[in-house]
Structures are given as structure tokens and as C-alpha cells.
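Here the structure comes first, spelled out in C-alpha cells, and everything after it is commentary.
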Amino acid sequence: MSANLEAKKVVVEEIKDKISKAKTVAFVDYRGLTVAEDTAMRAEFRKNGCDYKVYKNRLVLRALNELGYTGCESIFEGTNAVAFSYNDEVSACKILADTIEKTKKMEIKGGVTDGAVVDAEMIKTLASIPSKEVLLTKLVYLLQSPVRGLAVCLDQVAKAKA
């Protein structure tokens, strides 16, 4: 086998490994980004435990097909980058959505989440979900609210009897 073919097989295995580990994978058209914008975005990905990489379309498509994801051919036309979110389902999607909002240059094409290929709208929906910390804060507040109301009520009853 040629060295080039072996190198491609190694890259396909790397992509398969990343897709298998990721909770969400987003595909994006990165056309038009400046180096400074790309560098800032990549720093944000690293800070949030995500990966962002440009691979050859054919290699990503081959990795997806080998993992059993089909119907992605239309996504891989033109320039594409792949964002992998390992810690949660929304981190990479949020970073991409924020970058698109700031630069007005990129376009989300689709992705893979929860074992299925999803369209761009689903990735945008994931981006709109609040972060885990915000959701936990809201949950704690909701759980605390009835207890607090009961405590205030009992306090008022005790003051009325005194």
C-alpha cells in the first residue's frame, strides 16, 4: 500500500475516534473567516473542552459511513470544518452560533448528535439551550422556591399569633 493511503486511513481512524467520543458533532462552512476570528474561535473551543478541525470532506464522509451514519453527502460540498463537543451536547454549537452572530461569515450545515444525523436547525436549537450551570441554577431556584414560600407563610402565622 502507498504511504498516502496509509496516512488517509490513520486520519479516518482519528475522525472516527473523535466522533465516537463526542456527544455532538457539528459541520460548518467556515468560508470567509479571518485568521484572527478563527484563532479566537479555536481558543474558545479549547477553553470549553471542544475540538475544531478542518478535514478533507471525503475522509469525514468515509468515517461517518464506517460508523453507520448515512445521508450526509449533501453536507460535504464546499469548505467544511468539524466541531466536536465532548463535555456536553451544546458547547460546540453555542461557540459556533456566537461566532456566526459576531462575524456573519459562517454557516452551520448539520451535525451528529444522539446517534443520529441532524440538520442545521437542530444544531441551532442546541445552541439556544442554556448552559448546564444556568440550568442547574434554575433548578435549584425552582426547588428552593416552595420551601421559601412555606417558611415565609409560617413566619407570618407566628407573628400574627404573637
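Quantities reported herein were computed from a predicted structural model and do not represent experimental measurements.
No donor-acceptor pair under 3.5 Å is formed between the side chain of K109 and the backbone N or O of D119. Although no hydrogens or angles enter the test, the distance criterion places no donor-acceptor pair under 3.5 Å between the side chain of D38 and the main chain of T34.
Here the straight-line distance linking atom CD of Q144 with atom CG of L142 works out to 10.0 Å at 0.5 Å rounding. Here the NZ atom belonging to K53 is positioned 15.5 Å from the CG atom belonging to N80, to the nearest 0.5 angstrom. With rounding to the nearest 0.5 angstrom, the OG1 atom of T103 is 10.0 Å from the CD atom of E101. With rounding to the nearest 0.5 angstrom, the CZ atom of R31 is 4.0 Å from the OG1 atom of T79.
With a 4.5 Å cut-off on side-chain heavy atoms, L59 and K8 count as touching. When side chains are defined from C-beta on, L96 does not count as touching F27, because their heavy atoms never get closer than 4.5 Å. Side-chain atoms of F84 and I19, non-hydrogen and from C-beta on, do get closer than 4.5 Å to each other. With a 4.5 Å cut-off on side-chain heavy atoms, E37 and T99 do not count as touching. Side-chain contact between V25 and S85: absent, with no pair of heavy atoms (C-beta onward) separated by less than 4.5 Å. With a 4.5 Å cut-off on side-chain heavy atoms, M106 and D29 do not count as touching. By the 4.5 Å heavy-atom criterion applied to side chains, K18 and E14 are counted as neighbours. When side chains are defined from C-beta on, V60 does not count as touching V12, because their heavy atoms never get closer than 4.5 Å.
Using a cutoff of 4.0 Å between basic side-chain nitrogens and carboxylate oxygens, D17 and K21 are scored as salt-bridged.
Hydrophobic clustering, with ILVMFWY side chains joined whenever heavy atoms are under 4.5 angstrom apart, keeps V82 apart from L33. In the hydrophobic clustering of this structure, F76 does not group with V54; members are Ile, Leu, Val, Met, Phe, Trp, Tyr whose side-chain heavy atoms approach within less than 4.5 Å, directly or through other members. Residues L136 and I129 do not share a hydrophobic cluster, clusters being chains of Ile/Leu/Val/Met/Phe/Trp/Tyr side chains in contact below 4.5 Å.
The local environment of NZ in K56 is sparse, with at most 12 non-hydrogen atoms from other residues, nucleotides or ligands closer than 6.0 Å. Heavy atoms of other residues, nucleotides or ligands lying less than 6.0 angstrom from CD of Q156 number more than 12. Annotation: D114, atom CG; neighbour count of heavy atoms from other residues, nucleotides and ligands within 6.0 Å does not exceed 12. Atom CZ of R62 has 12 or fewer heavy atoms from other residues, nucleotides or ligands within 6.0 Å.
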Evaluate the side-chain contact (heavy atoms from CB on, under 4.5 Å) criterion for residues D51 and Y86: first the C-alpha distance (whole Å), next the side-chain angles of each, then the deciding distance (0.1 Å), finally the verdict.
CA-CA 8 Å; D51 276 344; Y86 300 114; 2.9 Å; yes
What verdict does the side-chain contact (heavy atoms from CB on, under 4.5 Å) test give for N87 and K23, after you've listed the backbone C-alpha separation in whole Å, the side-chain angles of each residue and the deciding distance to 0.1 Å?
CA-CA 7 Å; N87 297 333; K23 294 188 177 185; over 6 Å; no
Report the C-alpha separation of S91 and D88 in whole Å, then their side-chain angles, then the decisive distance to 0.1 Å, and conclude whether the side chain to side chain donor-acceptor pair (under 3.5 Å) test is met.
CA-CA 6 Å; S91 296; D88 58 34; 2.6 Å; yes
Apply side chain to side chain donor-acceptor pair (under 3.5 Å) to residues T113 and T24 and explain how you reach the verdict.
CA-CA 5 Å; T113 187; T24 300; 3.2 Å; yes
Can you check salt bridge (Lys or Arg N to Asp or Glu O under 4.0 Å) on K159 and D155, steps first, answer last?
CA-CA 6 Å; K159 286 181 182 177; D155 183 51; 3.4 Å; yes
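Residue L126 comes nearest to C93 through the heavy atom pair CB-SG, 4.0 Å, listed as atom of the first residue, atom of the second, then distance. When all heavy atoms of G110 and I75 are compared, the pair lying nearest together is CA-CD1, 4.2 Å. Here the closest non-hydrogen pair linking V112 and L64 is CG2-CD2, 4.0 Å. Scanning all heavy atoms of the two residues, the minimum distance from I95 to E44 falls at CD1-O, 3.6 Å. Nearest heavy atoms, T70 versus V117: O-CG2, 3.8 Å. Considering every non-hydrogen atom in both P130 and K138, the closest pair reads CG-NZ, 4.5 Å.
Taking the six-membered ring for Trp, Y52 and Y30 have ring centres at least 6.0 Å apart.
For the ring pair (Phe, Tyr, Trp, His ring centres under 6.0 Å) test, no residue two or more places apart in sequence or in another chain qualifies with Y55.
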